[in-house]
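What follows is one structure encoded as structure tokens, with my remarks underneath.
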Amino acid sequence: MAKNITPKEKDFSQWYLDVIRAAELADYAPVRGCMVVRPTGYSIWEMIQKHYDEGFKELGHVNAYFPLLIPRSFLDKEAQHVEGFAPECAVVTYAGAEELEEPLVIRPTSETVIGHMYSKWVQSWRDLPILINQWCNVMRWEKRPRLFLRTSEFLWQEGHTAHATREEAFEETMAILKLYKDVMIEKLALPVLFGEKSEGERFPGADNTYTCEAMMSDKRAAQAGTSHFLGQNFAKAFDIKFQNQKGEMEYAWTTSWGVSTRLIGALIMTHGDNDGLVLPPEVAPVRVVILPISTSEERLNTELVPKAEEIAASLNKALGGRYAVVDKRFDMRPGDRFFRHLQRGVPLRLELGEKEFAAQTLRMVRRDTGEREDVAWDAIATRAPQTLEAIQKNLHDTALAFRKANTFEAKSFDELKNILDTTGGFVRAFFAGGKAEEKEIKEATQATVRCLPMEDEDLRGTCFYTGKPNGRMAVFGKAY
RNA sequence: CGGGGCGUAGCGCAGCCUGGUUAGCGCGCCUGGUUCGGGACCAGGAGGUCGGAAGUUCAAAUCUUCUCGCCCCGACCA
């Protein structure tokens, strides 16, 4: 384990890797670009899964599973889709000693297989909508991997729905976008911007893509989740047709959407500090750690540990889950135990030493601010949950204030480039350009349109780049 | 795929230019002791085919050639 973490101001990339290693979240796998998610990292993923699964079920979705291997010909059916994904697909060409007649692609995403199955399942308007989600792994042979943010294999959730009408499919796209951003804001404490993607940033094969964009603490953007309105493109490519109530044949309208383990990377890069990980309580597998401290083994066994266990039990009852644990690593010195939990991002630490035992209190220390407070035993079951809420709110508010402080407006290209080259961050500007202009701007500044924010949907102004009237408000930034 | 860099203990590195004892340092790890309320100290110890192959040489971590792998910056991307 790394003893010291490189200061994030000095070398952000190194800091990020240090935090992951110190908190024992993940490692690179023996296969290039692939990731081993360690138990501590996976348990955070399980917390995220839990929040989203609850949301999906509320919206009427069900979980299912589709195969890992997709016949190459399936990908070819949608022109833009194959163009977008073929270059990064890993392909199976042999099975045993036999060369396969048709190569099998390891799924980079599952629109194609699922579209194929939907075409068999849908005949009547009564078969719609189909609202299915799957939790799985996908593979995209990325050139430059980065733990959690861009690994060749990653874990995600992908939802695929089919509807009878355009309106219903569009509503679905927006309902998912709302769920995505609500969980990000309320549970992950990531104050994301959300809105439409520009033409050049759309999902290959989609009519439109909607996104949640977070700002990391090095002021770069991370795309945290996307919801795609696929129109009838995939329905036509895979022949998903149904007979409507008038007896006419119609193509279905489909959507797809996903969030991945990248969210863990975004959590680390948004909330982490020079001591390591800082987790928002809502996604922290361990929210409270209780440390009995004494040099006397007898006192530990007869007084401190039993009391700590008792308090943990009452906290777990108050928190509605097994979120409080007692640290019994007595082979480690107290200082080492403190730092172990700092590095792992446990939101709240409760110290129970001989002094506290005599006073019938606990020393409560917040991970986010370092604030200390002595809390009486009989008050802890209310005080700890209150403090966890305060931490949750503080992490969100701090990140939001940071994003606001690093968001600027530009009226001209020179202004935009200057901001990106010097201070960095997000730049808001009216934009009326298309794919070609986006590309030019990216070549000159490395920045892309992160999104057209929904909150500025009705704003219009002169395009900073083309000078055309009626530009939409766009947010530019360098992204991971 | 283009540009740069690096492969020496679990991690981080020095040594290489100018070949020569038993290949070294910090952290971590193991044992014993003193410690223990904010990353302890002392003593002892384990751990290496110096990325691989071939060559030059009395002698290669060090020089030469080939090769494999990784990292960073681009392009691409959840």
Side-chain angles (χ1 to χ4, degrees), chain A residues 1-6 11-14 17-18 21-22 27-33 35 83-89 107-110 136-159 180 197 200-204 209 211-214 221-228 256-266 274-276 291-297 299-300 304 329-343 349-358 362-363 365 370 372 374 439 442-443 446 448 478-480:
Chain A
M1 190 201 286
K3 183 158 187 173
N4 293 307
I5 291 176
T6 307
D11 184 343
F12 198 80
S13 300
Q14 189 58 49
L17 285 171
D18 286 348
R21 198 166 56 188
D27 267 315
Y28 279 111
V31 175
R32 194 202 125 83
M35 174 172 60
E83 192 190 325
F85 283 106
E88 56 188 51
C89 282
R107 63 179 164 221
T109 178
S110 303
C136 67
N137 56 343
V138 288
M139 176 157 278
R140 299 179 187 178
W141 209 252
E142 299 293 351
K143 302 281 187 260
R144 197 150 66 82
R146 198 179 175 87
L147 285 175
F148 290 114
L149 295 177
R150 197 190 304 102
T151 46
S152 299
E153 181 187 6
F154 59 94
L155 302 177
W156 76 346
Q157 137 303 290
E158 53 177 325
Y180 277 176
K197 275 285 186 196
E201 298 281 318
R202 260 174 222 156
F203 179 77
T209 289
T211 181
C212 297
E213 298 283 326
Q223 181 172 305
T226 44
S227 180
H228 314 294
S256 71
W257 24 276
V259 297
S260 71
T261 35
R262 169 177 277 189
L263 284 171
I264 298 174
N274 288 340
D275 286 325
L291 291 100
I293 301 166
S294 170
T295 50
S296 157
E297 203 175 319
R299 293 206 64 182
L300 281 170
L304 301 182
R329 289 294 304 270
F330 301 122
D331 53 345
M332 292 170 78
R333 277 167 286 107
D336 290 326
R337 292 161 73 202
F338 295 145
F339 275 88
R340 176 185 156 85
H341 301 295
L342 276 190
Q343 291 184 320
R349 196 171 69 238
L350 302 175
E351 301 168 16
L352 180 61
E354 293 175 15
K355 273 176 264 170
E356 286 83 6
F357 191 85
L362 292 154
R363 166 63 61 83
V365 188
R372 288 135 202 258
D374 289 312
K439 205 175 167 209
K442 184 169 186 186
E443 272 161 18
Q446 291 176 22
T448 49
K478 295 180 190 176
Y480 276 102

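So that the names make sense, note that chain A is the first sequence line, chain B the second, and so on, each numbered from 1. Side-chain atoms are counted along with the backbone in the values below, which use heavy atoms only and exclude waters and symmetry mates. Predicted model only: the values in this text are computed from it and were never measured.
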Can you label the angle between the A:Tyr180 ring and the A:Trp257 ring as parallel, tilted or perpendicular, going by 30° and 60°?
perpendicular

When all nucleic acid strands are considered with a 4.0 Å heavy-atom cut-off, which category describes [X]: base, sugar-phosphate, or nothing?
X	result
A:Gly258	nothing
A:Glu142	base
A:Leu263	nothing
A:Ser152	nothing

Give a yes or no on whether a donor-acceptor pair under 3.5 Å exists between the nucleobase atoms of B:G37, that is its base, and the side chain of A:Glu356.
yes

Taking donor-acceptor contacts at under 3.5 Å, does the side chain of A:Arg21 reach the base of B:G10?
no

Taking only side-chain N and O atoms of A:Lys442, does any of them lie within less than 4.0 angstrom of OP1 or OP2 on B:C76?
yes

Look at A:Arg333 and B:A40 and indicate whether a side-chain polar atom (N or O) is within less than 4.0 Å of OP1 or OP2.
yes

Any chance the side chains of A:Glu354 and A:Ser294 put a donor and an acceptor closer than 3.5 Å?
yes

Side chains of A:His228 and A:Ser256: is there a donor and an acceptor less than 3.5 Å apart?
no

Expressed as a whole number of Å, how far does the P atom of B:G51 sit from that of B:U62?
8 Å

Given 3.5 Å as the limit, does a donor-acceptor pair link the side chain of A:Gln157 with the main chain of A:Val259, or not?
yes

Tell me if the CD atom of A:Gln14 is crowded by more than 12 foreign heavy atoms within 6.0 Å.
yes

Could you list all N or O pairs between the protein and nucleotides 69-73 of chain B that sit under 3.5 Å apart?
{"residue": "B:C73", "atom": "OP2", "partner": "A:Arg144", "partner atom": "NH1", "Å": "2.1"}

Do the side chains of A:Glu213 and A:Lys197 get close enough for a salt bridge, i.e. N-O under 4.0 angstrom?
yes

